[in-house]
Amino acid sequence: MASSSSTTTTTKSLFSSTFSASRSSSSTATRTSLLSFLRSTSATPISQKLSHANNSRHHYYSVSPIKNVLKTATESETSLSKYPDVDLVSSDSKPTILVSEKLGSAGIELLKGFGDVDCSYNLSPEQLCEKISRCDALIVRSGTKVTREVFEASKGRLKVVGRAGVGIDNVDLQAATEFGCLVVNAPTANTVAAAEHGIALLAAMARNVSQADASMKSGKWERNKYVGVSMVGKTVAVMGFGKVGSEVARRAKGLGMNVIAHDPYAPADRARAIGVELVSFEQAIATADFISLHMPLTPTTSKIFNDQTFSMMKKGVRIVNVARGGVIDEDALVRALDSGIVAQAALDVFTEEPPQTDSKLIQHHNVTVTPHLGASTKEAQEGVAIEIAEAVVGALKGELSATAVNAPMVPAEVMSELAPYVVLAEKLGRLAVQLVAGGSGIKSIKVTYRSARDPDDLDTRLLRAMITKGIIEPISSSFVNLVNADFTAKQKGLRISEERVVVDANPEFPVDSIQVQISNVDSKFASAVSENGEVSIEGKVKFGIPHLTCLGSFGVDVSLEGNLILCRQVDQPGMIGKVGNILGKQNVNVSFMSVGRTVRRNKAIMAIGVDEEPNKDTLNKIGQVPAIEEFVFLKL
Ligand SMILES: NC(=O)c1ccc[n+]([C@@H]2O[C@H](COP(=O)([O-])OP(=O)(O)OC[C@H]3O[C@@H](n4cnc5c(N)ncnc54)[C@H](O)[C@@H]3O)[C@@H](O)[C@H]2O)c1
Ligand SMILES: O=C(O)[C@H](O)COP(=O)(O)O
């Protein structure tokens, strides 16, 4: 008995968990196709009319199979000619990588080995927008705002934004996704540096180090004024128990502190392993003597520390923030400091950076400040530079990234297994859409994955994205990639639902077959319409090669390579010879032929693979063969 699970995925997020790169794809054909998929980024958000070139002309990759794949992007080539004003990179040029903030030298060297590196610091927003149209990649730290305007100004050339650090709140992720631009970060290399800075601020604040230092430098000797508080035995609440928060917790325990933590998403066993109790937000802030902030800035955490939450804190609490300034309502913090609810604050990050010099918060005598130095150790900066350079180069090569922020991250072994099915998925999408009659608005697509494995074991994001690409690209000037596939489908009003069905097949393979059905449309080829009235095709991977195995109600067996002529005819002898002759006369090479039928001597479907595209006259002659009732030419 087949069992199934289904999802509707027009709005489902593409992005999740962990991943490593895709170098282990099984065949050259498969590998190059994946690379092209990642590379063919969107020139324009689909919400706007395409008004400039896309980047698919940037043939700077030296590996020849990749060039072949770029050549197959026929739609891209056609639409490029419409936009002669765009500064296209020639086929031999290297990618241009703009580095807009200081990056460790090891990372710069790594980038120089791959592309032309332009280190231009302190650019104004206008200068950044001006430069970006000539750049394929941009590397930033927290000081560069990568806004929607930047993506618009890039005119589709920008393929990847690398954030040399953790926080990506300075990058407009929605705009990046709409433009098909991958965003990657360097999430691990500065963790220890940030944690050490948090502990440094905690200790400096508790012992009034910066105030006493300033006092002495102004000629004073105020031993009684700067009596501090001890940390041992005190409770510290770590708000955000991720990478930095965990490291702060470890160090705080080493100082003899009682550590509690609040993080709605942190696993309890990680906390237990460090000897930390996970508590509610309210419990954390109400019981802590020290509060150390380590959560990201998100719509949920924005100004989460405000008048109301300060009022819930223990009087005399001390707060450290090395996360993001925006999680604190800074005016409310000044009020809490003035009223004594908060005894002291130590801040490395601010809502506006740099903050106004006359800011009441910065000037407050109970506040210790540093200019966003959390990640600024030699070691961390070399680390993030290498981490981000590798990620950006990998992305420019078309590899899936281990640190992608706005694209699916698929483990290497899953990627390798799925690779041939990814190729099949795109071909099925391309075929299905070409079978729809012009003028039919496509709205609803159903994809059914049949597999011997448990439905939960099949990660369909890549397959769905490729089907979307296959469906959209032949009929529009949009360019679809892994980053923008779901968004593009949604913008086009396509509702893609998925079903996973368990079948009796070989469990060694992740997928047995993929079926694509388009409902409520007319077809150019009536035989592609199933008994239920949908344009329906199904395919399998056989010996690593994608095959069409079902068309409407007809079983066929056609390898999906080259171009395809499908004919429906009266099932009678001599048909293959007749059509073969017509093609031969026009020097069109037939790569294969296959006949499928429902009932003997009734109707048959003939599928003919051709290397060249037959001219109109040849196609007309095929149509004139008396037994042929309908035919269609499809580009794969
Ligand atoms: N000052 C600096 O130079 C510096 C350096 C590194 C990191 N950071 C910042 O520190 C923060 C943490 O970095 P990280 O590498 O540990 O990131 P991380 O993603 O590993 O950890 C963040 C944690 O916050 C948790 N979280 C999310 N929403 C929360 C909420 N509402 N309440 C409590 N916890 C919540 C997440 O579950 C996660 O565990 C980020 O904002 C990052 O930008 C600053
Ligand atoms: O999020 C981060 O990684 C830190 O805030 C570091 O930012 P920086 O790269 O600007 O120092």
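Computed over heavy atoms, backbone and side chain alike; hydrogens, waters and symmetry mates excluded. All figures in this text were calculated on a predicted structure; none of them were measured in a lab. One-based numbering, in listed order, for ligands and for the atoms of each.
The only member of Lys112, Arg134, Lys131 that meets salt bridge (Lys or Arg N to Asp or Glu O under 4.0 Å) when paired with Asp118 is Lys131.
Within 6.0 Å of CE on Met216 lie no more than 12 heavy atoms contributed by other residues, nucleotides or ligands.
Ligand 2 is surrounded by Arg141, Ser142, Arg163, Ala164, Gly165, Val166, Gly167, Asn190, Arg324, His372, Ala375, each with at least one heavy atom closer than 4.0 Å. Sorted by chain then number, the residues whose non-hydrogen atoms approach ligand 1 to under 4.0 Å are Val166, Gly167, Asn190, Ala194, Gly240, Phe241, Gly242, Lys243, Val244, His262, Asp263, Pro264, Tyr265, His294, Met295, Pro296, Thr301, Val322, Ala323, Arg324, Asp348, Val349, His372, Gly374, Ala375.
The side chain to side chain donor-acceptor pair (under 3.5 Å) pairs that include a residue from residues 264-280 are Ser246-Arg270, where partners are two or more places apart or lie in different chains.
Between Arg251 and Glu247 there is a salt bridge, with a side-chain nitrogen of the basic residue lying less than 4.0 Å from a carboxylate oxygen of the acidic one.
Neither side chain, Thr235 nor Thr287, offers a donor N or O lying under 3.5 Å from an acceptor on the other. Donor-acceptor pairing under 3.5 Å is recorded for the side chains of Asp348 and Thr370. Side chain to side chain, Asp338 and His364 meet the donor-acceptor criterion of an N or O pair below 3.5 Å.
Listed by chain and number, the residues in a side chain to side chain contact (heavy atoms under 4.5 Å, CB included) with Gln344 are Met205, Asn208, Gln211, Arg318, Asn366 (sequence neighbours excluded).
Using a 30° and 60° split on the angle between ring planes, Phe281 and His262 fall in the perpendicular class, above 60°.
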